Every structure is written in C-alpha cells, then in structure tokens.
Amino acid sequence: MQNDPQLWSAVDEYAEALLIGPDPDLEAATEAADAAGLPPIAVAANQGKLLHLLARIRGARRILEIGTLAGYSTIWLARALPDGGTLTTLEIDPAHAAVATANLERAGLADRVEVRLGPARDTLAQLVEQGGEPYDFFFVDADKANIPHYVEAALALASPGAVIVVDNVVRAGRLADTDSTDPAVLGVRRMHELIAAEKRLDATTVQTVGSRGHDGFTLIRVLEG
Ligand SMILES: C[S@@+](CC[C@H](N)C(=O)[O-])C[C@H]1O[C@@H](n2cnc3c(N)ncnc32)[C@H](O)[C@@H]1O
Ligand SMILES: [Mg+2]
C-alpha cells in the first residue's frame, strides 16, 4: 500500500483538483505536446505549481530554464514574473522548441519568454561571455549527464540570493548507487559533490513520489556576498 504508484497518483489528483484546478492553456500545451509525439516527461501540475510559487517567493525578475520540451514548466514559471520580467529557456531540439513557442503564444506569454535553440552548454557559454544582467531563478531540467556544467554556469550567471532548482536528481533511488555507471546518475552524483565543495552554494535534496514515480529535486541557494 505504501509503495503504490496508483496511490501516489491519486494523492496528486486530489491535491491538484483542490489547489490548482482546470487550466485551459496548460491542458492545451500538454495536448499539443502529445499530438506532436513529444515524450511525456514534463513536470506534473503540482510540481509546476511548486516552481511557480518558489519563483514568486524569490521575487524573480529574470528566470533561466535549461530544458524546454513543450514549454509546460516554462508557462508555470513565466506566469510568476512581475511586469517587465523575462524568462529565457534553452532547448536543443527544434521540434520541441516549435511546440513550446506555439504553446507560449497561446498562453499569452510570448512577450516575456525567449526560446533559445541549441546545445545548452554552448548557449550558457555565450551568456557567460556576454556578461549581461544576472538571473535570479534557474530551473535545470535537461540532459542529466551535463548537470554539473549547468549548475556551474548557473552560479556564474546568478545574482546574490538566486535560487537554482534541479529536477530529476533521485532517479528512483539510483542517486545513492555508488557503483552506477549510468551517465545520468554520474551527473547527478557529481552535481552533489560539486555543491558540497562549493562554499557559495547551500542546498538540499528532497525525494518525491507522485504521478512521475519516485524521483526528487535539489533546491540550491546562491549565497550573498
Ligand atoms: C525533461 S525535458 C524538459 C521538461 C520541461 N522542463 C517541463 O517540465 O515541461 C528535457 C528537455 O531538454 C532538452 N535537452 C536535452 N539535452 C539538451 C541539451 N544538451 N541542451 C539543451 N536542451 C537539451 C530535451 O530536448 C528536452 O526537451
Ligand atoms: Mg524534469
């Protein structure tokens, strides 16, 4: 009973019905992603709401997302922006970026979101090189093998007190497998070692169950000064 994915999903559905409710733009975004054959790997509604609330609590004006897919999490995050706020989201796959662009337009968010196509490591290197305004909220949700690089780039691009959320770090418990040779597991383990050694970062990892199975996220704060 306790280790029951159906029960986890039932709890998600119960809480989402009461605390989130119907949302035509998000539902249309998911339908468009399914119709285009994109993999069903977006955050769940309750996780999207968590990102939204965290960005609001942080008062984020500039958000950087790594891994767009169909723009589902992007919509949740962009809705947290105040007037004049902006979100940049990085995506390697042109088909994913096209679906996301249409979803963001339908949701009325195209004016504040830029979808940047290309390998995120290249785009992040360009952003660091350009030395523009820092970002105050990051959502890292792309290829896990590159996660240590993404967290390092986020630190280079962060304002003091910035928040970095890294998704899918627990991987059904494989995070704790010291013998793993899976590049994704090695990536999330190296990220933990990097954070542990980096005095400018403070973090916690929380494992979760729900409609997306057993996984979890790391919540990181970039220290001030
Ligand atoms: C888990 S999905 C993102 C889900 C999305 N954040 C959401 O929750 O709605 C990961 C995305 O990262 C993209 N991706 C994978 N490797 C990448 C890379 N090297 N650079 C940029 N994007 C990448 C994939 O094409 C995919 O669309
Ligand atoms: Mg994810």
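Values below: all heavy atoms of this structure, side chains included; hydrogens, waters and symmetry mates excluded. In listed order, ligands and their atoms are each counted from 1. Worth saying up front: this structure is predicted, and the values here are computed from it rather than measured.
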Can you tell me if Asp167 has an N, O or S atom under 2.8 Å away from the Mg ion (ligand 2)? yes
Are Tyr150 and Asp143 close enough, and set up right, to give a side chain to side chain contact (heavy atoms under 4.5 Å, CB included), and what steps lead you there? CA-CA 10 Å; Tyr150 298 154; Asp143 52 325; 2.6 Å; yes
Validation: residues 178-191 side-chain donor-acceptor distances under 3.5 Å, sequence neighbours left out:
{"residue": "Ser180", "atom": "OG", "partner": "Asp182", "partner atom": "N", "Å": "3.2"}
{"residue": "Asp182", "atom": "OD1", "partner": "Ala184", "partner atom": "N", "Å": "2.8"}
{"residue": "Arg189", "atom": "NH1", "partner": "Leu175", "partner atom": "O", "Å": "2.7"}

Can you pull the salt bridge (charged side-chain N to carboxylate O under 4.0 Å, His left out) pairs that have at least one residue in residues 204-221, sequence neighbours excluded? Arg221-Glu224
Electrostatic pair Asp202:Lys199 at N-O distance under 4.0 angstrom: no
I'd like to know: is the Mg ion (ligand 2) within the 2.8 Å range of an N/O/S atom from Asn168, strictly under that distance? yes
Is it true that the side chains of Glu114 and Thr86 contain a donor and an acceptor less than 3.5 Å apart? no
For the residue pair Arg62 and Tyr135, would you count it as a cation-pi contact if the rule is NZ or CZ under 6.0 angstrom from the ring centre and within 45 degrees of the ring axis? yes
Which of the N/O/S atoms in Asp141 sits closest to the Mg ion (ligand 2)? OD1
Between ligand 1 and the protein, which N/O pairs fall short of 3.5 Å?
{"residue": "ligand 1", "atom": "6 (N)", "partner": "Gly67", "partner atom": "O", "Å": "2.8"}
{"residue": "ligand 1", "atom": "6 (N)", "partner": "Ser73", "partner atom": "OG", "Å": "2.8"}
{"residue": "ligand 1", "atom": "6 (N)", "partner": "Asp141", "partner atom": "OD2", "Å": "2.8"}
{"residue": "ligand 1", "atom": "8 (O)", "partner": "Val43", "partner atom": "N", "Å": "2.9"}
{"residue": "ligand 1", "atom": "8 (O)", "partner": "Ser73", "partner atom": "OG", "Å": "3.3"}
{"residue": "ligand 1", "atom": "8 (O)", "partner": "Asp141", "partner atom": "OD2", "Å": "3.3"}
{"residue": "ligand 1", "atom": "9 (O)", "partner": "Ser73", "partner atom": "N", "Å": "3.1"}
{"residue": "ligand 1", "atom": "9 (O)", "partner": "Ser73", "partner atom": "OG", "Å": "3.3"}
{"residue": "ligand 1", "atom": "16 (N)", "partner": "Asp143", "partner atom": "OD1", "Å": "3.3"}
{"residue": "ligand 1", "atom": "19 (N)", "partner": "Asp143", "partner atom": "OD1", "Å": "3.4"}
{"residue": "ligand 1", "atom": "19 (N)", "partner": "Tyr150", "partner atom": "OH", "Å": "3.3"}
{"residue": "ligand 1", "atom": "20 (N)", "partner": "Ala120", "partner atom": "N", "Å": "2.8"}
{"residue": "ligand 1", "atom": "22 (N)", "partner": "Ile92", "partner atom": "N", "Å": "3.2"}
{"residue": "ligand 1", "atom": "25 (O)", "partner": "Glu91", "partner atom": "OE2", "Å": "2.5"}
{"residue": "ligand 1", "atom": "25 (O)", "partner": "His96", "partner atom": "ND1", "Å": "3.2"}
{"residue": "ligand 1", "atom": "27 (O)", "partner": "Leu69", "partner atom": "N", "Å": "3.3"}
{"residue": "ligand 1", "atom": "27 (O)", "partner": "Glu91", "partner atom": "OE1", "Å": "2.7"}
{"residue": "ligand 1", "atom": "27 (O)", "partner": "Glu91", "partner atom": "OE2", "Å": "3.2"}
{"residue": "ligand 1", "atom": "27 (O)", "partner": "His96", "partner atom": "ND1", "Å": "2.8"}

Can you give the donor-acceptor pairs under 3.5 Å from side chains of residues 25-36 to other protein atoms, not counting sequence neighbours?
{"residue": "Glu27", "atom": "OE2", "partner": "Asp23", "partner atom": "N", "Å": "3.0"}
{"residue": "Thr30", "atom": "OG1", "partner": "Leu26", "partner atom": "O", "Å": "3.2"}

